[in-house]
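The structure appears below as structure tokens.
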Amino acid sequence: MTTTQPAPPPSMRLRELAFGAACAAALRAAARLGVADALGDSPMAVEDIAATVKTEPGPLRRVLRALSCYGVFAERPDGTFAHTDVSRLLREDDPNSLRAIALWCTEPWTWDVWPKLDEAVRTGRNVVEDLYGKEFFPYLNEDAPESADVFNRAMTTSSVQSARDVAEFLDLTGCASVADIGGGQGHVVASLLDKYPGMRGTLLDLPRVVEHAVPRLRAGGDLADRADVVPGDVRTAVPVKADVYVIKNILEWDDESTARTLRNVREAGGPGTRVVVIENLVDDSPSMRFSTAMDLLLLLNVGGAKHTTQSMVDRLTEAGLVIDDISPVNPYLHAFDCHIPG
């Protein structure tokens, strides 16, 4: 049950950290079983939750008890379990749901790559190619389509939750067109088109991704007459002309892929074109544990990294962009407002 406990001694704290995978596995199990959705606003007996999600009560109690140690669900004195502010985020119907994110961070491939972190640290390169014989995104889309779907849902969740912030932040007054490069399902584009009724927008991302672009951008949607949905790999080419290019949370690959993408944007836009790069930064974040963990996962899967302010400045400058401003979009995102020089 949930009580206030003194901080554990260092020896126990290290043991807890070494068993971190148990917490991640319990979180994944609860998400996949739909436990948070089954648990209503009132506390419930484990037997009732188990009947709803079709599990054995005993093992389910053990999972819930483990998670309650981290504030995910709360065990009450009578043995029932109740929601916490954290566990509610595992519900599908919560407006701030992070269920897809929790699943993405614990997909089967992650359990293959984490034990090889020392190898990635020694070599500075990803371990996915040695494990699966191909780069991460080809592996995901060709060999692990279920994980690819989870990835797309997770990215959609992040985009939906940040799209309004990005649209509110960006001043595109006087711009006739905007292109979201690697823009997922198009939530940022849709939000910008809502803000600027006279503007045209383009979404560019992999074919499998844009197949599921938000219906508003596709034929029959209310924004379709002002939107173009273009399938393509931004690392290969950017076949889109626009006044402004938005690049959000994709420049985290290996340096070569990042450089190719920025070069493709430069070639597509030409002198004077505005380029806005939006990223999470590991040196200015209220959630360093999460962002540094994602940074290590990027090393493992694509040989990439979450950026510091300086590393982002270096990449953009090396790509020949001129940085005009660096500003926070919200507590988690920063915008690097740039232009392509003449």
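What you are looking at is a predicted structure, and each value in this text was computed from that prediction instead of being measured. The first residue of the sequence shown is numbered 1, and numbering continues consecutively from there.
A side-chain donor-acceptor contact under 3.5 Å links Thr106 to the backbone of Ala102. Using modelled atom types, no side-chain atom of Thr80 and backbone atom of Arg76 make a donor-acceptor pair closer than 3.5 Å. Panel note: side chain Arg226, backbone Leu193; a donor-acceptor pair is recorded below 3.5 Å. In this structure a side-chain-to-backbone donor-acceptor pair under 3.5 Å is present from Asp283 to Thr309. Judged by distance alone, the side chain of Lys195 and the main-chain N or O of Leu170 form a donor-acceptor pair under 3.5 Å. For Arg65 (side chain) and Glu75 (main-chain N/O), no donor-acceptor pair under 3.5 Å exists by modelled atom type. With hydrogens and angles disregarded, no donor-acceptor distance shorter than 3.5 Å links the side chain of Gln185 to the backbone of Arg153. Under the 3.5 Å distance criterion, the side-chain polar atoms of Arg260 are matched with a main-chain donor or acceptor of Arg235. Counting only distance, with no hydrogens or angles, the side chain of Arg88 and the backbone of Asp94 share no donor-acceptor pair below 3.5 Å. Under a 3.5 Å cut-off, the side chain of Asp295 and the backbone N or O of Ser291 do not form any donor-acceptor pair.
Note: the hydrophobic cluster containing Met155 also contains Val302 (ILVMFWY, side chain heavy atoms under 4.5 Å, direct or indirect links). Linking ILVMFWY residues whenever their side-chain heavy atoms come closer than 4.5 Å, directly or via other members, places Val246 and Met199 in the same cluster. Under the 4.5 Å side-chain contact rule for hydrophobic residues, Val178 and Val188 share a cluster. Under the 4.5 Å side-chain heavy-atom criterion for grouping Ile, Leu, Val, Met, Phe, Trp and Tyr, Val160 is not connected to Val210 through any hydrophobic cluster. Linking ILVMFWY residues whenever their side-chain heavy atoms come closer than 4.5 Å, directly or via other members, places Trp253 and Leu281 in the same cluster.
Residues Arg315 and Asp255 have side chains in contact (heavy-atom distance under 4.5 Å, counting atoms from C-beta outward). The shortest side-chain heavy-atom distance between Leu316 and His307 does not fall under the 4.5 Å cut-off. Within the 4.5 Å cutoff, side-chain heavy atoms of Pro108 are placed close to those of Arg28. Counting heavy atoms from C-beta on, the side chains of Glu129 and Glu135 come closer than 4.5 Å. Contact check for Ser158 versus Ile101: side-chain heavy atoms found under the 4.5 Å cut-off. The closest side-chain heavy-atom distance from Leu297 to Trp114 is below 4.5 Å. Side-chain contact between Ile247 and Leu262: present, with at least one pair of heavy atoms (C-beta onward) separated by less than 4.5 Å. Looking at heavy atoms from C-beta onward, Leu39 lies out of side-chain contact with Arg91 at the 4.5 angstrom threshold.
Counting heavy atoms of neighbouring residues, nucleotides and ligands inside a 6.0 Å radius, atom CZ of Arg164 does not exceed 12 of them. Remark: Asn96 CG is packed, more than 12 non-hydrogen atoms of other residues, nucleotides or ligands lying under 6.0 Å away. Taking a 6.0 Å sphere around CZ of Phe290, one finds it holds 12 or fewer heavy atoms contributed by other residues, nucleotides or ligands. Dense packing is recorded around CD of Glu318, with more than 12 heavy atoms of other residues, nucleotides or ligands lying under 6.0 Å away.
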side-chain contact (heavy atoms from CB on, under 4.5 Å) between Asp165 and Leu333, worked out: CA-CA 9 Å; Asp165 289 342; Leu333 293 171; 5.9 Å; no
side-chain contact (heavy atoms from CB on, under 4.5 Å) evaluation trace for Asn301 with Thr110: CA-CA 9 Å; Asn301 67 359; Thr110 67; over 6 Å; no
Val282/Thr308 under side-chain contact (heavy atoms from CB on, under 4.5 Å): CA gap, chis, key distance, verdict: CA-CA 5 Å; Val282 293; Thr308 63; 3.7 Å; yes
Glu107 and Ser147: CA distance, side-chain angles, deciding distance, side chain to side chain donor-acceptor pair (under 3.5 Å) verdict: CA-CA 7 Å; Glu107 277 296 282; Ser147 277; 2.4 Å; yes
Check against side-chain contact (heavy atoms from CB on, under 4.5 Å), Ser162 and Lys248: CA-CA 10 Å; Ser162 63; Lys248 178 177 173 289; 3.0 Å; yes
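Of the candidates Ile340, Leu204, Thr273, Val277, Thr273 is the only one forming a side chain to side chain contact (heavy atoms under 4.5 Å, CB included) with Tyr245.
In this structure, the separation between CG on Leu172 and CG on Asp243 is 9.5 Å, given to the nearest 0.5 Å. Atom-to-atom distance recorded for Asp180:CG and Asp205:CG is 8.5 Å, nearest 0.5 angstrom. Atoms OH and OG1, from Tyr196 and Thr173 in turn, are 4.0 Å apart once rounded to the nearest 0.5 Å. The CG atom of Leu33 lies 11.5 Å from the CD1 atom of Ile49; values are rounded to the nearest 0.5 Å. Taking CZ of Phe137 as the reference point, atom OG of Ser257 lies at 10.0 Å (rounded to 0.5 Å). Within the model, atoms CZ of Arg99 and CG of Leu89 stand 13.5 Å from one another, a figure rounded to the nearest 0.5 Å.
Ring-centre distance between Phe73 and Phe81: not below the 6.0 Å cut-off. Taking the centre of each ring, Phe136 and Trp109 come in below the 6.0 Å mark.
Heavy-atom minimum distance, Glu252 versus Asn249: OE1-O, 3.9 Å. The minimum heavy-atom distance linking Ala335 with Val329 is given by the pair CB-CG2, 3.7 Å. When all heavy atoms are compared, the tightest approach of Leu27 to Leu67 is N-CD2, 3.7 Å. In this structure, Gly182 and Ile250 approach most closely via the heavy-atom pair O-CG2, 3.6 Å. In terms of heavy atoms, Asn141 sits closest to Leu206 at ND2-CD1, 4.3 Å. Closest non-hydrogen pair, Leu217 versus Gly186, comes out as CD1-O, 3.7 Å.
A salt bridge does not link Arg125 with Asp254: every distance from a Lys NZ or Arg NE/NH1/NH2 to an Asp or Glu carboxylate oxygen is 4.0 Å or more. Taking 4.0 Å as the cut-off between side-chain N and carboxylate O, Lys116 and Asp130 do not count as a salt-bridged pair. Taking the charged nitrogens against the carboxylate oxygens, Glu119 and Arg122 have no contact shorter than 4.0 Å, which rules out a salt bridge. Using a cut-off of 4.0 Å between Lys/Arg side-chain N and Asp/Glu carboxylate O, Arg208 and Asp149 are scored as salt-bridged.
Listed by chain and residue number, Asp337 satisfy the salt bridge (charged side-chain N to carboxylate O under 4.0 Å, His left out) test with Arg274 (two or more places apart in sequence, or in another chain).
Listed by first and then second residue, the side chain to side chain donor-acceptor pair (under 3.5 Å) pairs involving residues 33-59 amount to none (not counting sequence neighbours).
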